[in-house]
Every structure is written in C-alpha cells, then in structure tokens.
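Here is the structure we will look at.
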Amino acid sequence: MKEITRRKFIATATVATGFALAVQPISAEVITTDAKGLVAGAVKIPVKDGEIPAYRAAPATGDNFPIVLVIQEIFGVHEHIQDITRRFAQLGYLAIAPELFIRQGDVSKLSSINEIRPIVAKVPDAQVLSDLDATVDWAKKSAKGNGEKLGITGFCWGGRIVWLYAAHNPQVKAGVAWYGRLVGDATELQPKYPVDIASKLTVPILGLYGGKDTGISLDTVEQMRDRLQSSSSKSEIIIYPNAAHAFFADYRPSYREKEAQDGWKRLLAWFKQNGV
C-alpha cells in the first residue's frame with residue numbers, strides 16, 4: 001500500500017466504519033454500547049500538519065468532563081475502539097480515539113495483519129506523542145474536557161503508547177496499559193520502549209498482561225515491574241495467568257470474559273483513585 005501524501009490525508013482521512021477487514025469474522029461475544037444520551041461520532045483534530053480524524057464520545061449534557069484518551073490497537077480506530085469510547089462516555093467521560101496511523105495508511109481496509117505491520121512500522125513515536133498533545137488541547141478547548149482530569153488507556157500497540165505518553169506528558173493523572181510491548185530494539189522512529197522510561201516515570205500506570213501471551217514474554221513483564229520499583233509513580237502490573245494476548249478484545253477469539261471484566265473494573269477504580 002502506498003503511503004498517503006500529506007495533502008491527500010488532510011483531504012480524505014476519516015475514521016473507520018465497522019470493524020477492520022483483517023479481523024473478520026466477528027465473534028458472537030462482541031459488545032455493543034448504545035450511543036443514546038451521548039454525543040458520539042467522528043471529529044477532526046487540528047495537528048501540526050493539518051488535521052487527523054478521531055472518534056469521540058461524551059455525555060450529551062453537561063461539561064467539564066474528565067478526559068480519556070483511547071489508544072488503538074494495530075487495527076486502527078475501528079468499531080471495537082469506538083465502542084470503548086462509548087463505554088467511557090456512558091460513565092460520564094469525554095473519550096477520544098485519534099487515528100494515529102492515518103498519514104501512513106488506512107489499516108482498516110487491509111485484509112491481513114501482515115499487510116498492516118509494515119504500515120504501522122512507519123509511524124514515528126514523535127508523531128504519535130505530538131498528535132496526542134493536540135488531541136488533549138482539542139478536548140479542553142473544543143469539547144468541554146477537563147484537562148485537570150486526564151487519563152489514558154490503550155490496547156496492544158496502544159498499550160506501549162500509554163507508558164510512553166505518560167512519560168511525555170506529566171499532566172496525565174493515570175493510565176492503564178493493556179498488553180503493550182515493553183522492550184524492543186531502539187530505532188530512529190521508535191527510540192524508546194517502556195522499560196527505558198520506567199525508572200523515571202511519575203504518572204501511575206496500571207499494566208494488565210496475560211500469562212499466556214506468546215508475543216509479550218513474562219520475563220519482559222517482570223523486567224518492567226522491577227524497573228518501576230525505583231520510580232515515584234506507584235505503578236502496578238497485574239498478570240492474568242490463563243489469559244493470552246488481546247484478552248479484552250470481545251470481537252476476537254482471544255477474548256476472555258472473566259479477565260476482561262476484572263481488568264475493566266480495575267481500570268475504573270484506578271482512574272477514580274488517581275483523580276480521573
């Protein structure tokens with residue numbers, strides 16, 4: 001897939017409709033959250049080089065909402081991520097999921113994960129962090145968001161970003177990282193991994209990992225846990241022994257209802273405990 005030119009992405013970029021092509025067929029266990037009582041849908045976030053699309057959901061009435069950034073998996077801001085924003089909005093949050101791959105390509109239209117990976121590999125961390133800064137700014141200025149109550153959560157690819165953004169922006173009150181990669185080889189585009197920032201982290205992050213995750217070894221999870229002990233963040237890591245990767249993804253065979261529900265309860269308690 002050719003890389004989208006800057007002019008084209010500004011003119012044509014939109015959030016996905018439905019589920020990403022690469023994740024079909026969809027599991028019968030998929031959760032669907034009603035948008036009744038919400039303002040929910042696509043928006044445009046002004047960024048340094050134009051605009052990026054995002055999906056946002058918030059209560060239809062009121063203001064000064066606590067803000068939650070919802071960071072996508074490798075499949076982009078498809079229906080599962082959009083549904084998560086609505087789950088937050090039904091609880092009184094302004095939740096926003098910006099499309100963080102869109103300059104490099106529309107991954108929702110690709111039919112396999114092997115086609116998606118090369119696109120995602122081109123996404124610079126600096127671009128992601130800058131876009132999230134812009135999303136927070138938009139939330140405060142244009143969407144009735146309370147910047148004093150800022151949280152972040154992300155899944156898989158987005159789980160790694162939760163750790164990095166919390167180190168980048170100390171205004172984040174709390175974060176929850178779901179099975180994000182913790183170690184890796186530094187490159188020009190991805191110069192740091194969570195283990196590299198762990199000891200200096202000040203934002204409390206809850207990490208949720210699966211004991212049977214074949215892509216994220218328990219050795220790396222324990223390495224991260226050790227590094228966090230020397231930080232002031234009071235971060236914690238929970239391991240679900242019988243869960244594999246993507247155990248929260250209710251639209252996939254990897255979904256584990258018990259662990260997913262427990263993780264969601266822990267997330268909400270973590271946010272409340274830390275002022276989000």
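Position 1 is the first residue of the sequence; numbering continues from there.
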So do the side chains of I119 and D106 get within less than 4.5 Å of each other, counting heavy atoms only?
no
Heavy-atom check, side chain of W157 versus side chain of I71, under 4.5 Å:
yes
State yes or no: are the ring centers of H80 and F75 separated by less than 6.0 Å?
no
Does a side-chain heavy-atom distance below 4.5 Å link L132 with I161?
yes
Strictly by modelled atom types, are Q127 and S130 linked by a side-chain donor-acceptor pair under 3.5 Å?
no
Expected output: side-chain S254 to main-chain A246 donor-acceptor under 3.5 Å
yes
Any side-chain heavy-atom pair from S232 and T202 closer than 4.5 angstrom?
yes
Do any N or O atoms from the side chain of N169 and from the backbone of Y165 form a donor-acceptor pair under 3.5 angstrom?
no
Do T153 and L267 have side chains that approach each other closer than 4.5 Å (heavy atoms only, starting at C-beta)?
yes
Is there a side chain to side chain contact (heavy atoms under 4.5 Å, CB included) between H78 and Q72? Walk through the geometry before answering.
CA-CA 8 Å; H78 66 141; Q72 66 207 62; over 6 Å; no
Between CG on residue D196 and CG on residue L201, distance to nearest 0.5 Å
12.5 Å
Hydrophobic clusters here meaning ILVMFWY residues chained together by side-chain heavy-atom distances under 4.5 Å, can you tell me if L129 and V68 are in one?
yes
Nearest non-hydrogen partners of F101 and G76, listed with the distance
CE1-N, 4.2 Å
Run the side chain to side chain contact (heavy atoms under 4.5 Å, CB included) test on M224 and I216 for me, step by step, so that the C-alpha distance in whole Å, both residues' side-chain angles and the decisive distance to 0.1 Å come before the verdict.
CA-CA 12 Å; M224 184 68 179; I216 301 173; over 6 Å; no
Once you measure the plane-to-plane angle for F247 and Y240, does it fall in the parallel (<30°), tilted (30-60°) or perpendicular (>60°) bin?
perpendicular
Using the rule that two of Ile, Leu, Val, Met, Phe, Trp, Tyr join whenever any of their side-chain heavy atoms come within less than 4.5 Å, decide whether L189 and L164 are in one cluster.
no
Value for CD (Q229) from OG (S235), rounded to nearest 0.5 Å, stands at 11.5 Å
All heavy atoms of L94 vs all of A143, minimum pair found to be CD2-O, 3.4 Å
K192, NZ: over 12 other non-hydrogen atoms inside 6.0 angstrom
no
Less than 4.5 Å apart, side chain to side chain, heavy atoms only: is that true for Y55 and V70?
no
Counting only heavy atoms not in E188, do more than 12 sit closer than 6.0 Å to its CD atom?
no
d(I45 CD1, T135 OG1) to nearest 0.5 Å is 5.0 Å
Evaluate the ring planes of F248 and W178, with Trp represented by its six-membered ring, and classify them as parallel (under 30°), tilted (30 to 60°) or perpendicular (over 60°).
tilted
Side chains of E79 and Y251: does their closest heavy-atom pair fall under 4.5 Å?
no
Shortest non-hydrogen contact between V120 and I74, atoms and distance
CG2-CG1, 3.6 Å
Take atom CD of E222 as the centre, draw a 6.0 Å sphere, and report whether it contains more than 12 heavy atoms from other residues, nucleotides or ligands.
yes
Heavy-atom side-chain proximity of L182 to Q223 below 4.5 angstrom
no
Between the CD1 atom in I197 and the CH2 atom in W163, the distance rounded to the nearest 0.5 Å is 7.0 Å
Nearest heavy-atom contact between R227 and A198 is CB-CB, 3.5 Å
T214 vs H245, side chain to side chain contact (heavy atoms under 4.5 Å, CB included): CA-CA, chis, key distance, verdict
CA-CA 7 Å; T214 58; H245 192 72; 6.0 Å; no
Kindly check if the number of other-residue, nucleotide or ligand heavy atoms within 6.0 Å of CD (Q273) is above 12?
yes
Result of checking V276, I67, T85 against Y93 for side-chain contact (heavy atoms from CB on, under 4.5 Å)
V276
Could you please spell out the steps behind the salt bridge (Lys or Arg N to Asp or Glu O under 4.0 Å) verdict for K258 and D262?
CA-CA 6 Å; K258 180 181 176 182; D262 183 78; over 6 Å; no
Can you check whether K36's main-chain N or O pairs, donor with acceptor, with Q90's side chain at less than 3.5 Å?
yes
Is L38 reachable from I81 through a run of I, L, V, M, F, W or Y residues, each pair having side-chain heavy atoms under 4.5 Å apart?
no
Taken to the nearest 0.5 Å, the spacing of E115 CD from L21 CG works out to 8.5 Å
Do the side chain of E73 and the main chain of G158 share a donor and acceptor less than 3.5 angstrom apart?
no
Identify whether the distance between the nearest side-chain nitrogen and carboxylate oxygen of K48 and D133 falls below 4.0 Å.
no
Is the backbone N or O of A16 less than 3.5 Å from a side-chain atom of Q82, with the two atoms forming a donor-acceptor pair by type?
yes
Point-to-point distance, once rounded to the nearest 0.5 Å, from NZ of K44 to CD of E99
10.0 Å
Starting from the C-alpha separation in whole Å, work towards a yes-or-no answer on side chain to side chain contact (heavy atoms under 4.5 Å, CB included) for D125 and H168.
CA-CA 11 Å; D125 287 346; H168 166 78; over 6 Å; no
Give me the atom names and distance for the closest heavy-atom approach of V176 to L208.
CG1-CD1, 3.8 Å
Does V128 belong to the same Ile/Leu/Val/Met/Phe/Trp/Tyr cluster as W138, with side-chain heavy atoms less than 4.5 Å apart forming each link?
yes
Would a hydrophobic clustering, with Ile, Leu, Val, Met, Phe, Trp and Tyr connected at side-chain separations under 4.5 Å, put Y209 with V183?
yes
List the atom of P204, the atom of K234, and the distance in Å for their closest heavy-atom pair.
CB-O, 4.5 Å
Before accepting this row, confirm whether a basic side-chain N of the pair D83/R86 lies closer than 4.0 Å to the acidic partner's carboxylate O.
yes
